[in-house]
Every structure is written in C-alpha cells, then in structure tokens.
4 protein chains.
Amino acid sequence: MTRVTQAHIDARVGAIRNAARTVFARRGIEGATMSEIAAEAGLSTGAIYRYFQGKDDLIAAAFAEGRERTRQAFEKARATSGGMLEAIIEAGRLSLAEMMDHETVCLDLECALGSARAGGAIGEQTRAFREYTIDLVEGLVAAAQEAGELPPELDARGLSIVLNALVLGLGLLELEMGGRVDAEETLALLVRLVATPRSGTA
Amino acid sequence: MTRVTQAHIDARVGAIRNAARTVFARRGIEGATMSEIAAEAGLSTGAIYRYFQGKDDLIAAAFAEGRERTRQAFEKARATSGGMLEAIIEAGRLSLAEMMDHETVCLDLECALGSARAGGAIGEQTRAFREYTIDLVEGLVAAAQEAGELPPELDARGLSIVLNALVLGLGLLELEMGGRVDAEETLALLVRLVATPRSGTA
Amino acid sequence: MTRVTQAHIDARVGAIRNAARTVFARRGIEGATMSEIAAEAGLSTGAIYRYFQGKDDLIAAAFAEGRERTRQAFEKARATSGGMLEAIIEAGRLSLAEMMDHETVCLDLECALGSARAGGAIGEQTRAFREYTIDLVEGLVAAAQEAGELPPELDARGLSIVLNALVLGLGLLELEMGGRVDAEETLALLVRLVATPRSGTA
Amino acid sequence: MTRVTQAHIDARVGAIRNAARTVFARRGIEGATMSEIAAEAGLSTGAIYRYFQGKDDLIAAAFAEGRERTRQAFEKARATSGGMLEAIIEAGRLSLAEMMDHETVCLDLECALGSARAGGAIGEQTRAFREYTIDLVEGLVAAAQEAGELPPELDARGLSIVLNALVLGLGLLELEMGGRVDAEETLALLVRLVATPRSGTA
DNA sequence: TATGAATGAGGGTTCATTCAT
DNA sequence: CATGAATGAACCCTCATTCAT
C-alpha cells in the first residue's frame, strides 16, 4: 500500500526529461549516456526505465517539451492586448529570448538534424511543428497588413518564413558566438526594416 | 621504389573527406562509422588511418572543408564587377544556394553543436569563422552605405548579423521542411526590405 | 497482535511456488523474472522475498514440488490392490499422465539440465530422486517376476532404467511434437512388448 | 589484398559454434555469455559478431549442428550392409552413443525446451526434425517387418515413437546419473524385448 | 505484512583503432 | 600502401534484490 501519487510520477518524469535536455545539450543526443542523464536527475541508471521506455522515448519527450514551450510562448504572444504588429513583435521577443538559451538551441538543432535522418517520428513532428509556427506568423502578418500596421505589398508567407528563419538563425549564431547577439537590438532593427513605410512600391 | 605522388595523397585525402561529409550528413557525426565512411570512399577501414589521425581529425577536416567552400563563395562574391549592393546580393545568393544543399546544412549544424560542446578546437574555429563572415558582410554593408546603395541609418554590424542569421536559418528551415524554401524569392523579398529607401528616417 | 497463521504462510508459499512453476515452464528458469512470478501469484515483487530467500531458493522449491508429485504418484501406484504387474502399469500410467503436461516436462528438463551444471544441491537431489524411481521400479519388476507376472530372464534393473527412460523420453517427445503422443496406446504397446511370454529364451 | 580464405572463415565459424555448444551445455543457453563463448573459442567478444549475427544466430547454428550430426548418424545406419533389423540396431547404437555425450544431451534438452516457448524458428525446426527421425525409424521398422525380421503385429509408428523416446530418455537419465547407463547392455535388452518372437499374438 | 520504486551489476552489442599479412 | 580481422572499452538495457513507507 505504498502511496505513489501521480504527482510523484509527474515530478520524476519531469526531472528526468529536464536532465535529459541538459545532457543532450551538453553532449549531443548520441553522445549523451543514460548514466549521465540519470546522474543529472539524481537517480540510478535503471530508474529511468521505469518512467521512459528507453533512450528513444526520452529523446522524443525532450523534443516534445521544447515544442511545447515554444507553442506556449506563441499562444501567449497571440493573446497580447496590443495590435497585430505588437503580437508579432512579442512573438519575436519571446522566441528570441528562448533562443538565447543554448540548451534550447542545441535541442532545436538536434531536432532539425534528426528530421533529416531516418526514423519517421521525429522528422514528421518537427516538420509539422515548423508548419505550425510558419502558418501562425503568416496569419499574424496578414492580420497586421489588414489592420494597416504592415505594408500590404509584402508577401505574408515569405515574410513569415524569413522571420522564422531569423529566429532560428539568431539562436544558432548566439550559440556559436556566445553572448554576442543582442536580441533586443536586433529586434529593433527588424521592426525598422519591416514595419517602416516605403517611399516607392517596387 | 615506391612512388607515392603528392597528387595521389591529395586525391585520397579529398575523397575520404568528401565521403566523411556525406556520411556525417547522412548519419550524424556520432552515428557515422569509420567503416561506412571508408566504404563511401571506396577504401578499407584501415586505410583512412594512413591519411587521418582518427575520427576527430576527420571531423575537423570535414568542417574545415565546409568553411573553405563558404570562404571561396564569399571571395567570389566580393570580386563581383557590379556595385557593393550587388556584391552583397551575390554573397547572399551563393550562400543560400549552398544552404539549399542538405549535406552542407547538416554539417553546419553539427559544427554549431560541436562548438557548444567540450573539445576546444572546433568551437574556436567555428567562432572565428563566424566572426569572419560577419565582419565581411559588415564591411560590404558599410561600403554599400558609403556608395549610397543602402540606407545610411541602418547599423552595419546589426544588419550583417541579421543577414548571416537569415542564411543559416533558411538553410535550417529548408532542411526541416524539405524543398519548401524558395531561395530566389526570399532573396528578392530581402532586397526589397533592406534596400528600399524609406519615407521617414525614424 | 498480528496474527499470521501457519496456514496463511503455507498458502502463500504454495501459491508462489506454483506461480514459479508456471512461469519457469513458460519462460525457462533464466528467462523467468521475479516480477512475472509475483504477478502470476497475485503479489508484489518484494513479497516473494518474505517467503523465499531468493530466486535460487524458489527454483529449488519448484523442483522439489515436482519430485513430490511424482513420489506421490508412485506411492499411489504401489498401493494398488491388483498384482505387481498391475502396479507397474499403474505407475507407468500415472507417470505418463504427468508427462503429458508440458509444464511438468519443462520443469523436469530444467531439473536435468540443472543437475548437469555447477551448483551442487540440485544435481545431488535430482540424482538421488532418479535413483529412487529406478530402485522403486526395479523392486516392482523383481516382485512381478517372482509372482510369475513377468518373464524371469529379463534384467530387473535394466528394465527399470528402460521404463524410466521411456517415461521421460515420451514426455520430451510430447513436448516437442505437441499432442502427437498417445499415452494409453503407447502403454499398451509396452505391455505387449514386455509382458508377453516369449517362445525362445535367448 | 589480405587473403582470407573461405577455409579460414569456415574454421572460425566452426570453432565458435563448437565453443558455443560447449558453453551452452555448461551454463545453459541463457546462462552462457558471449564473453565466455569467445574465450572458449580463443577470441575476443567482438570477434564473434563478424561470423554470427548475434546470440540467437549462434544458438540456431549450435542446434542445427546437433541435428546435422544426428542426421548423418542415421544416414550412416541406413546404409548398413546388413538386414533391416541390423540397420535399426545400428541407428540405435549410434544414437545412444551420441546421447552418452552430455554436451549433446544438454543441447537437445535446450532445444526441446526452446520448442515449447515463443519464437517460431527453433520450435518449428525441432518439431520437423523429430518428425524426420520418427518417420525414418518407422520406415525401417516396417521394412524389417516385411523382411520378417520383426513381429508383424507391432504398430510400426508406435514402436518408432517408443524407440525415439527411449534414446532421448536414456540420454537424459545418463545426464542425471552420470555414467550409470550402459548403452550396449540396454540395447541388448531392447533387442530381446522387441525382436524376440512371441508365443501368442495376444 | 505488503508494496513497488530504486539500485547497480552484468549481459549483448557496436565500433574506433590497431596490426599482421 | 591497402586490407580487414581482431581487440576491448563503453553503451543501452534488464532484473534480482533491498528498503522506506
């Protein structure tokens, strides 16, 4: 009659998943050992297998956690009280803030690499999630254009792709350079580039 | 009288390095086995060790090769006969073309991940190279501004960072989405965003 | 005042031992896990250790149980009211009936294999028990010969070995072939072979 | 251009397979470790995997080897120059001789146990092989009956089953008792039981 | 007493690297 | 120079056993 609450299980699952994220970022997915993850979580190797099927399951959970964080950031930005442009900027700000965390970036990169390789699940989920973020930003851009907050002549989807790529690329750059990317400043530059009315149309 | 010409050695080194790039992209750095690389190069496993110290050495060579390709693309762009803006666009075009190749992107990502991890050399070289590309584009931007081809009020370094990040990010997106990123179209959008004169100076 | 009756303990011990026999037969001794045995017994893993020292102890108990069943079958046969030959036939019938049960055969085979391996106890007990069954049948045969129910020229011990081997071998065959061995029919054939008077003596 | 002859490969495969048979008999299939098998074969652990897919493959090879030996013994007996009864006796003699070797018996028992468990291949092959030996002996018995060397009233298939079971059972007994079964003497007893003309037909 | 989470040693397997040929 | 068989360390995973509750 040992009482093992769901809360306890959830806590363990969360702790292991976070430990995995940390170690995956530190050593890479393949380089991470279950022992190191267990140690990081303060457990023995075998304990992990009570909560996760195996390493693959843990990888999937770590990736899913990353997507969930981003998704929540986007939902929060979308719920901003300001205008459409404000929502876009807020989404960028939150995304960039996330990407300044090397752990997050490392996992995103591993995710991207995983999507380019065999084994279906990761690739499919990554692709689907990217579709989601691109669609979401495209929608925001279109709405902003309709509200007259963004120049109407810009291609909404193209701009969304550019903005998504920028966030990813800036994270990558920050990872490589370590502290040299100023998110706020870059955001300001972007706003100026995109939101400023142009003199000519072509 | 065993005659082993330098040309022969160079050819072998090149073949192995290219095979390594292919297999690294296909399986990931850790997932790639020396045997598969050897097979890809049409050699036996042991032969690699006559030309490279070991796997780490091969990884370094593969990464260096990637940097060299990019460097040559940049030099070629810089030598364009057109104006400064033309040179920037050409650099973007060449960089983007490279990044549409998944093998290149995979290796760039592995490189970025490697830079975030232990072992010193890769991180240092990656950082130094990124510094080089950012400096180079910054110089081009400044020159273009001086030539009146770009708005003078833009921060040259910030813009360079944005452009560098964009190239990386678009490559990553293309890797994830597989064929959905149109490099030319995106380039056109960027030119419009950056090079179009603004009505107000803000 | 925690009252734990001996009956309760015996019931637990018996349940666990039977569960062990079932799982040992299903997965093999090595392949059986304490968890599966516990589940089969409707207990938790840890509970087993209150009634048995460990897996080895449980194995010994499972084997002992098998021997006990056989011993009882033999005693029952010996107590038959008919003649000596009848007792032998009854012993054969009961033994064969047991051996038509795959679980029993599996455990007997594991027992035989165990006797061929390291650990002293199992081997010794198996050997001693086989000595017992051979001696017992030998005694029955000798008695039957004395009673004129079996040809006197047959070597009693040799015949006992043959009969013991046959029971084991038929069980093994039934295990391998699954339902193709007809115990009754085989028994009839044996009776005819052994008990029929011969025309010549040599 | 290292010359690795097929003979060398065959020798290795044979050595590993024999080492596996020895260790399987000594520790049981599950209890045997690849390390111990490798050591028994005078190799390192990893070397085995160049010649066998894995442990399962090695198990299958070890079992197949056992079947092959028995098959050859049977073919040899069948080719005897004497009469049909002589062939049966020779088959029994060769089979029993094999079964006096504990290693062979251990593997046969493991094989029988394997056939009772999940995983299709072993069970199917074991069953098919037993069918083969039973059919073969049945054929010999029928031929002997036709030649007047065996009583015609005996059921050929039933007798074949009995004889097959006997060989297996005697091997098992020998394994348990260690040197107490005299194959020749038992064979003589059997011949007397089976081949002696009966006074009545029952 | 009973539970089942946790431990950690040990097994199967892979693969970077070496070296005899 | 090239080959590829061999080595052996290290990984993922399982499971007998323990122990706090």
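Below, read A as the first sequence line, B as the second, and so on, with proteins coming before strands; counting in each chain starts at 1. Predicted model only: the values in this text are computed from it and were never measured.
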- Message: I want to check something: taking the side chain as every heavy atom from C-beta on, are A/R21 and A/T104 in contact at a cut-off of under 4.5 Å?
- Response: yes

- C/F52 CZ to F/dT17 P, straight-line distance once rounded to whole Å: 13 Å

- Set of ring-ring contact (aromatic ring centres under 6.0 Å, His included) partners for A/Y49, sequence neighbours left out: none

- Listed range with range, the stems formed with DNA chain E by at least 3 consecutive Watson-Crick or G-U pairs (under 3.5 Å) are E:2-21 with F:2-21

- Query: Looking at residues at least two apart in the chain, or sitting in another chain, which of them share a side-chain contact (heavy atoms from CB on, under 4.5 Å) with B/T33?
  - Reply: B/S35, B/E36

- Partners passing side-chain contact (heavy atoms from CB on, under 4.5 Å) against A/C111 (at least two apart in sequence or in another chain): A/F63, A/R67, A/T126

- B/D10 CG to F/dC1 C1': how many Å, rounded? 16 Å

- Listed once per pair and sorted, the side chain to side chain donor-acceptor pair (under 3.5 Å) pairs that draw on residues 56-66 of chain D, sequence neighbours left out: D/R17-D/E65, D/E65-D/R69

- Which residues share a side-chain contact (heavy atoms from CB on, under 4.5 Å) with C/A47, sequence neighbours left out: C/L43, C/S44

- Query: Please give, in whole Å, the distance from F/dC15 P to C/L58 CG?
  - Reply: 16 Å

- Task: Not counting sequence neighbours, which residues clear side-chain contact (heavy atoms from CB on, under 4.5 Å) with B/E30? List them please.
- Result: A/E30

- Message: Would you say C/R50 places a side-chain N or O within less than 4.0 Å of OP1 or OP2 belonging to E/dT1?
- Response: no

- Query: Quick one: are C/L113 and C/I29 in side-chain contact, heavy atoms under 4.5 Å?
  - Reply: no

- Message: Quick check on F/dC1: is either OP1 or OP2 less than 4.0 Å from any side-chain nitrogen or oxygen of B/H8?
- Response: yes

- Query: Taking atom P of F/dA16 as reference, at what distance in whole Å does atom CZ of C/R27 sit?
  - Reply: 13 Å

- Can you list every salt bridge (charged side-chain N to carboxylate O under 4.0 Å, His left out) pair that touches residues 37-55 of chain B, not counting sequence neighbours? B/R26-B/E40

- Message: With the threshold set at under 4.0 Å for non-hydrogen atoms, list the residues of residues 36-43 of chain A touching DNA chain E in residue-number order.
- Response: A/L43

- Message: Is C/R12 close enough to E/dT1 that one of its side-chain N or O atoms is under 4.0 Å from OP1 or OP2 there?
- Response: no

- Query: Roughly how many Å is it from CD in A/Q6 to P in E/dA5, rounded to a whole number?
  - Reply: 11 Å

- Query: How would you list, by chain and number, every residue that makes a ring-ring contact (aromatic ring centres under 6.0 Å, His included) with A/F24, sequence neighbours excluded?
  - Reply: none

- Query: Who are the ring-ring contact (aromatic ring centres under 6.0 Å, His included) partners of D/F52, not counting sequence neighbours?
  - Reply: none

- Note on the structure: Whether each nucleotide of nucleotides 8-14 of chain F has a protein heavy atom under 4.0 Å at its base (B), only at its sugar-phosphate (S) or at neither (-) is summarised, 5' to 3', as B--SSBB

- Query: Could you give the CZ-to-P distance, from C/F24 to F/dC15, as a whole number of Å?
  - Reply: 14 Å

